[in-house]
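Proteins come first, then strands; the chains are lettered A, B, ... in the order of their sequence lines, and each starts at number 1.
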Amino acid sequence: MLQLQAIRENTPAIAKALSKRNIDAQPLLDKVLQLDEERRATQTRLDAVLAESNALSKEIGMLYKSGETEEANRLKTQTAQIKEDSKTLGETLSDTSRALEEALYLIPNTPHESVPKGSGSEDNEEVFREGEIPVLGKDALPHWELAKKYDIIDFELGVKITGAGFPVYKGKGARLQRALISYFLDRNTGAGYQELQVPHLVNEASGYGTGQLPDKEGQMYQLKEDALYLIPTAEVPVTNLFRDILMEKKDFPLRYTAYTPCFRREAGSYGAHVRGLNRLHQFDKVEIVRVEHPQQSYQALEGMVEHVKTLLRELKLPYRILRLCGGDMGFTAALTYDFEVYSTAQERWLEISSVSNFETYQANRLKLRFRDEHKKTQLAHTLNGSALALPRVLAGILENYQTSKGILIPEVLVPYTGFDLID
RNA sequence: GGAGGAAUGGCAGAGUGGUCGAAUGCGGCAGUCUUGAAAACUGUUGAGGGUCACACCUCCGGGGGUUCGAAUCCCUCUUCCUCCGCCA
C-alpha cells in the first residue's frame, strides 16, 4: 500500500499520478486523510490518559513499598475513571485504525512517470520488437489442433478428471514442458538468481503481503478446511519470504528464481481467446524476484527485461515488449513491461511475461525494510517477472515451429528434450 | 494422535508482579592503536506512533483476562523442540 506519510505530504501529486489509471482517487485520498487525522487525535488523547495511569501506578507502587498503605488505597479509587476512559479510547483507536487500513488497501500503486495514461490494452505502448515471424503454409494449424494431431496435450482428459483449463500433457508434450522448466531455471540461475522451491499454498498474511488480498480474493482458489490459498504465481511465496525483515544495506540485491504451478480462477471469458493453452486454471511458470535498494530498482528492472529478452532470443520466438498504460497495469505495480510472443497460426500476440517494479507498495505491506546510511529504516523495493510462463511459450513454439514433417524443437532445448522433432 | 517443554531486540540469550524497553554476548556504527588491515581496547546501537525538537505512548509469538501495575499470573490460538505411537 501507499505510504501514509507520502499521502499526507504529496496529496496532489499522488492524485495526479493515480489519474493515469483512469480513476479518480481524490475521494479515497480524502477519506484516508480524514481517518488519519481522526486516528492521530484519538491516539493523542489515549496517550495522555495512559501517561496519567502509568504515573499513578508507579506512585501506588512506591507508597506500598514505603508502607503507606492507606494513601495507596486512596489513590486506587482514582483509577476507575482512567480505566474506563482508556478502554473507550482504545476501542475508538482500533476501530479508526482498521478503517484507515481498509481505506489504504483500496488505493492502487502510483504509476511511474514513464507510464502512459490510458484505460486499457489499446493504450499500451510498444517499446521493442524482435524476431522473425515465420511464413507458414495454408495448412498451418493452431496449437490446439497440433496438440491433438501429435497427441501431446489432452484437454478433454483434463476436463474429465478436474475441469476445463486443466490440460494433461503427454509424452513429448510433457517432456517439452519439463525441458522448458529446466532450461529457464538454468538460465536464471546462470544470471545470478538463486533457485528456490517454495510451498504452493500460502496463508492469508502472505496474500495481503503481495497484494492479492483483499482486492483479488476471487481470483485465487481457496481451501475449505484451512485458511490457505493456492498460489496464483510464485511471486506470492517468494516475495513473502521477506515479510517482516529488517535488512542491512549490504544485503542488497536479493535475487531468486522459482518454478511453481500457478492456479487462477479467472472466471469470465470464453471463446477463441481462451482456447487451448491461451488461458488456463493451472499452468507452469518460472518466476524471478528481486529485492532492491530504491536507488537501484529501475536499473534492476531493465536488467530483468534484458534477461527475459535473451530467453526469447535463444528460443528464436518473435516477440514484442509493451509498456503498460495506467489502466492496464496491475493494482500493485508502478511500472510493468509485458512480453508478448507472436502466435503465428492464431495471428495474435500472447502475453508470456510481465516484469514489474512495485517500488515500496508491497514492501510497505510486507514491512520489508533496510537500514540506510543514516541508520534510518526505509522500505525496500520489490520486483518480479515471469521468466517465463510456459503454456503460451509452448503455444508459440508449436505454432511457429510447425513444418510438414512435424514440430521442430528450438535448438537450445534439444539437450533438455533429447529429441529434435515432434511427429 | 498421546505426554511434556519452549517462543524475549538484527542474531544468540538472561530476566517469575512495581524506575524492565529489558542484563550479557555476537553483529553493526564511531573512535584509539596501525603505513593500511586484522586483533585488542573505548564508546555507541531495538522497532513503531507522536513532536519543529523534547515530552509522552505502544510493542517481550497472536488474541483475551486478572491487577492500581504484567515480559513475569490465568485462558485461548499459532509455531517450534523432546519422548511415545502411526506413516510416506
For this session: For the pair A:H307 and A:Y193, name the ring-plane relationship: parallel under 30°, tilted 30 to 60°, perpendicular over 60°.
Result: tilted
Exercise. Across all strands shown, which nucleotide pairs with B:G1 by Watson-Crick or G-U wobble geometry, both distances under 3.5 Å?
Worked result: B:C84
Exercise. Paired with B:U78 by Watson-Crick or G-U wobble geometry, both distances under 3.5 Å: which nucleotide is it?
Worked result: B:A7
For this session: Kindly say if A:R74 contacts the phosphate of B:C68, meaning a side-chain N or O under 4.0 Å from OP1 or OP2.
Result: no
Exercise. With sugar-phosphate meaning primed atoms plus P, OP1 and OP2, does A:R39 contact a base, only sugar-phosphate, or nothing at under 4.0 Å between heavy atoms?
Worked result: sugar-phosphate
Problem set entry | Under 3.5 Å on both distances, the Watson-Crick or G-U partner of B:U66 | none
For this session: Tell me the partner of B:A40, counting only Watson-Crick (N1-N3 plus N6-O4 or O6-N4) or G-U wobble (N1-O2 and O6-N3) with both under 3.5 Å; none if nothing fits.
Result: B:U32
For this session: State whether A:T79 places a side-chain N or O below 4.0 Å from either non-bridging phosphate oxygen (OP1 or OP2) of B:G69.
Result: no
Exercise. Does a side-chain N or O from A:R371 land closer than 4.0 Å to OP1 or OP2 of B:U45, or not?
Worked result: no
Problem set entry | Nucleotide paired to B:U72 in any strand shown, Watson-Crick or G-U, under 3.5 Å | none
Seminar exercise, completed: Counting primed atoms, P, OP1 and OP2 as sugar-phosphate and everything else as base, the B/S/- map of nucleotides 55-62 of chain B against protein heavy atoms under 4.0 Å is -SSS----
Exercise. Between A:K83 and B:G69, does any side-chain N or O lie under 4.0 Å from OP1 or OP2?
Worked result: yes
For this session: For B:U72 and B:A6, measure between their C1' atoms and round to the nearest Å.
Result: 15 Å
Problem set entry | Stepwise salt bridge (charged side-chain N to carboxylate O under 4.0 Å, His left out) test for A:E145 and A:K148 | CA-CA 5 Å; A:E145 300 286 355; A:K148 195 166 207 164; over 6 Å; no
Exercise. Taking the same atom, C1', in B:U24 and in B:A14, what whole-Å distance lies between them?
Worked result: 7 Å
For this session: In whole angstrom, give me the gap between the P atoms of B:C29 and B:U35.
Result: 23 Å
For this session: Please examine the side chains of A:L277 and A:W144, heavy atoms only from C-beta on, and report whether any two atoms are closer than 4.5 Å.
Result: no
Seminar exercise, completed: dist A:E292:CD -> A:H381:NE2 (nearest 0.5 Å) comes out at 10.0 Å
Problem set entry | Heavy atoms of other groups near A:R243 CZ, more than 12 under 6.0 Å | yes
Exercise. So what does A:T77 touch, heavy atoms closer than 4.0 Å: a base, only the sugar-phosphate, or nothing?
Worked result: nothing
Seminar exercise, completed: By the Watson-Crick or G-U definition, both distances under 3.5 Å, B:U58 is matched with B:A47
Exercise. When you compare B:A23 with B:A71, how far apart are their P atoms, in angstrom units rounded to a whole number?
Worked result: 15 Å
Problem set entry | C1'-based separation of B:A40 from B:U34 [nearest Å] | 12 Å
Problem set entry | B:C80 to B:G46 separation - P atoms, rounded to the nearest Å | 31 Å
Exercise. If you measure from the P atom in B:A70 to the same atom in B:C20, how many Å do you get, rounded?
Worked result: 15 Å
